[in-house]
Enquirer: 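Starting off with a structure, shown below.
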Amino acid sequence: MQIHRYEHPLNEKVRIYLRLEHLLKQLHDSSELSDPWQYTIFFNALFDLLELIEQIPVKTDLAKALDKQSTKLKAWLDYDGVDPTAIQSLLDNMSHAQKNLLAAPRLGQSLREDRFLSSIRQRFSIPGGTCSFDLPALHYWRQQPLEERQQTTQAWIDQLAEIDQALNLWLHLIRQSAQYQPQSAHNGFFQNDASLSCLLRIEIDASYGVYPVVSGHRSHFSIRFSPYEDGSTVATNIDFKLAIC
């Protein structure tokens, strides 16, 4: 059985965090440059990420989000049956990530000031703008030894290490805050209260041939499963799993 997994944010903050995570994953996955065209994925993701963190105060928002999660975790120490060692380890990791994030200079500043990146960034927003006649500097960089280019891409990724660490930790805690529960969508439709949650996680058997279209906010949400193939019908009842985090 093949399972399809989806996530949907219930507020703008989580929407931004998921986009940042998506871009950071693209950076990591394409930084090896094992394919001749992976560099386009890498630079597009890097420049999109820089644009996001230029527009939004991610550093302070994420530090506050970690602090809020720390407060919730500390409250668990008063409950019987919990593993205090595991919780304390998480608290230490969060404190370390938060301190590194706050101590870091302005996020992405060194990347914005990089002469090479600055010289090619604007052309990546133009269709076909990365041709060798448009960006001879990029064409020159592509001719460098693979190991040298890999070291360079890793050095650029390292400039984002603080946000990468803090973001991964916060999202991990949010995703682990709720367990998947079996649900059923009648005629492909399901709705429920969100109870001030911030993230929906959905698992569904691929054999249904549908994908979820989610609408909602922090107090209420609905899911409509739509057929991927034109003209296909939706099963009377679709069984799926849902975690409201």
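Note: hydrogens, waters and symmetry copies are ignored here, and every other heavy atom, side chains too, is used. Quantities reported herein were computed from a predicted structural model and do not represent experimental measurements.
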Enquirer: If only atom types and distance count, is the side chain of Lys74 paired as donor or acceptor with the main-chain N or O of Leu91 below 3.5 Å?
Expert: no

Enquirer: Locate the shortest heavy-atom distance separating Arg15 from Pro9; write the atom from each residue and the value.
Expert: N-CB, 3.5 Å

Enquirer: Measure the CG-OG1 distance between Leu90 and Thr85 for me, rounded to the nearest 0.5 Å.
Expert: 11.5 Å

Enquirer: Going from CG on Asp61 to CD on Glu12, what distance comes out if it is rounded to the nearest 0.5 angstrom?
Expert: 11.0 Å

Enquirer: Hydrophobic clusters join Ile, Leu, Val, Met, Phe, Trp and Tyr when side-chain heavy atoms are under 4.5 Å apart, directly or via other members; which others share one with Tyr180?
Expert: none

Enquirer: Are Leu146 and Ile157 in one and the same hydrophobic cluster, where Ile, Leu, Val, Met, Phe, Trp and Tyr link if side-chain heavy atoms are under 4.5 Å apart?
Expert: yes

Enquirer: Would you call the rings of Phe124 and Phe43 parallel, tilted or perpendicular, where under 30° means parallel and over 60° means perpendicular?
Expert: tilted

Enquirer: In the hydrophobic clustering that connects Ile, Leu, Val, Met, Phe, Trp and Tyr at side-chain heavy-atom distances below 4.5 Å, which members other than Phe190 occupy its cluster, ordered by chain and number?
Expert: Tyr6, Leu10, Leu200, Ile202, Ile204, Tyr208, Val210, Tyr211, Val213, Val214, Phe221, Ile223, Phe225, Tyr228, Val234, Ile238, Phe240, Leu242, Ile244

Enquirer: Can a donor-acceptor pair be found, under 3.5 Å and without considering hydrogens, that links the side chain of Ser95 to the backbone of Asp92?
Expert: no

Enquirer: Should Asp239 and Asp205 count as side-chain neighbours, where that means a heavy-atom distance under 4.5 Å?
Expert: no

Enquirer: Roughly how far, to the nearest 0.5 Å, is CG of Asn237 from CG of Asn187?
Expert: 7.5 Å

Enquirer: Which residues, ordered by chain and number, are linked to Phe189 in its hydrophobic cluster, where ILVMFWY side chains connect at heavy-atom gaps below 4.5 Å, directly or through other members?
Expert: none

Enquirer: Excluding sequence neighbours, so at least two apart, what forms side chain to side chain donor-acceptor pair (under 3.5 Å) with Asp230?
Expert: none

Enquirer: Of all the heavy-atom pairs spanning Cys198 and Ile174, show the shortest one and how long it is.
Expert: SG-CG2, 3.8 Å

Enquirer: Please check: side-chain N/O of Ser118 versus main-chain N/O of Arg112, any donor-acceptor pairing under 3.5 Å?
Expert: yes

Enquirer: Throw together a table of side-chain donor-acceptor distances under 3.5 angstrom for residues 62-73, partners on residues two or more places apart or in other chains.
Expert:
{"from": "Ser70", "atom 1": "OG", "to": "Leu66", "atom 2": "O", "distance (Å)": "3.0"}
{"from": "Thr71", "atom 1": "OG1", "to": "Asp67", "atom 2": "O", "distance (Å)": "3.1"}

Enquirer: Determine, step by step, whether Leu138 and Tyr39 satisfy the side-chain contact (heavy atoms from CB on, under 4.5 Å) criterion, reporting the C-alpha distance in whole Å, the side-chain angles of both residues, the deciding distance to 0.1 Å, and the verdict.
Expert: CA-CA 10 Å; Leu138 176 62; Tyr39 78 94; 3.7 Å; yes

Enquirer: What are the two closest heavy atoms between Arg149 and Leu33, and how far apart are they?
Expert: CB-CD1, 3.6 Å

Enquirer: Can you measure from CG (Leu20) to CD1 (Ile53) and round to the nearest 0.5 angstrom?
Expert: 7.5 Å

Enquirer: Check whether any side-chain heavy atom of Leu107 sits under 4.5 Å from a side-chain heavy atom of Leu160, and report yes or no.
Expert: no

Enquirer: Tell me, please, which residues at least two apart from His4 pass side chain to side chain donor-acceptor pair (under 3.5 Å).
Expert: none

Enquirer: Look only at the side chain of Gln165 and the backbone of Ala161, and say whether a donor-acceptor pair between them is shorter than 3.5 Å.
Expert: no

Enquirer: Got more than 12 heavy atoms from elsewhere within 6.0 Å of CD, Gln55?
Expert: yes

Enquirer: Could you identify which residues cluster with Met1, counting Ile, Leu, Val, Met, Phe, Trp and Tyr as linked when any side-chain heavy atoms lie under 4.5 Å apart, either directly or through a chain of such contacts?
Expert: Ile3

Enquirer: Could you tell me which residues satisfy salt bridge (charged side-chain N to carboxylate O under 4.0 Å, His left out) with Arg224, sequence neighbours excluded, listed by chain and number?
Expert: none

Enquirer: Test the Arg142-Trp37 pair against the cation-pi criterion, namely NZ or CZ under 6.0 angstrom from the six-membered ring centroid and within 45° of the ring axis.
Expert: yes

Enquirer: Flag yes if more than 12 heavy atoms outside Gln143 fall under 6.0 Å of its CD atom; otherwise flag no.
Expert: yes

Enquirer: Are Leu167 and Ile56 in one and the same hydrophobic cluster, where Ile, Leu, Val, Met, Phe, Trp and Tyr link if side-chain heavy atoms are under 4.5 Å apart?
Expert: yes

Enquirer: May I ask whether Phe116 and Leu135 are part of the same hydrophobic cluster, defined by side-chain heavy atoms of I, L, V, M, F, W, Y residues being less than 4.5 angstrom apart, directly or through others?
Expert: yes

Enquirer: Step by step, would you call Leu199 with Leu18 a side-chain contact (heavy atoms from CB on, under 4.5 Å)?
Expert: CA-CA 10 Å; Leu199 178 68; Leu18 291 177; 3.9 Å; yes

Enquirer: Take atom NZ of Lys241 as the centre, draw a 6.0 Å sphere, and report whether it contains more than 12 heavy atoms from other residues, nucleotides or ligands.
Expert: no

Enquirer: Check Cys245 against Ser197 and note the closest heavy-atom contact, atom names and distance.
Expert: O-CB, 2.8 Å

Enquirer: When you group the ILVMFWY residues by side-chain heavy-atom contacts below 4.5 Å and let the links chain together, are Trp156 and Tyr140 in the same group?
Expert: no

Enquirer: Quick check: does any side chain N or O of Glu203 sit under 3.5 Å from a backbone N or O of Arg5, one acting as donor and the other as acceptor?
Expert: no

Enquirer: Quick one: pull up CD1 in Ile41 and CG in Asp29 and give me the separation to the nearest 0.5 Å.
Expert: 9.0 Å

Enquirer: What residues, two or more places apart in sequence or in another chain, satisfy side chain to side chain donor-acceptor pair (under 3.5 Å) together with Ser222?
Expert: Ser215

Enquirer: Checking Thr152 against Gln144 for the side-chain contact (heavy atoms from CB on, under 4.5 Å) test, could you report, in this order, the C-alpha distance in whole Å, the side-chain angles of both residues, the deciding distance, and whether it holds?
Expert: CA-CA 11 Å; Thr152 305; Gln144 302 308 301; over 6 Å; no

Enquirer: For side-chain contact (heavy atoms from CB on, under 4.5 Å), just list the numbers for Leu27 and Leu24, CA-CA rounded to whole Å, side-chain angles, deciding distance to a tenth of an Å, and then say yes or no.
Expert: CA-CA 5 Å; Leu27 283 180; Leu24 285 164; 4.3 Å; yes

Enquirer: According to a 4.5 Å side-chain heavy-atom criterion applied to Ile, Leu, Val, Met, Phe, Trp and Tyr, with indirect links allowed, do Val58 and Leu102 form part of one hydrophobic cluster?
Expert: no

Enquirer: Which heavy atom of Ala166 sits nearest a heavy atom of Ala97, and at what distance?
Expert: CA-CB, 4.2 Å

Enquirer: Pairing donors with acceptors under 3.5 angstrom, does anything connect the side chains of His172 and Asn168?
Expert: no

Enquirer: In chain order, what residues pass the side chain to side chain donor-acceptor pair (under 3.5 Å) check against Arg106, with sequence neighbours excluded?
Expert: Gln109

Enquirer: Kindly give the heavy-atom pair with the smallest separation between Asp193 and His220, and that separation in Å.
Expert: OD1-ND1, 3.5 Å

Enquirer: Roughly how far, to the nearest 0.5 Å, is the CG atom of Asp134 from the NE2 atom of His139?
Expert: 12.5 Å

Enquirer: Sequence neighbours left out, what passes salt bridge (charged side-chain N to carboxylate O under 4.0 Å, His left out) with Glu7? Give chain and number order.
Expert: Arg175, Arg201

Enquirer: Quick one: ring pair (Phe, Tyr, Trp, His ring centres under 6.0 Å) pairs with a partner in residues 11-33, sequence neighbours left out?
Expert: Tyr17-Trp170

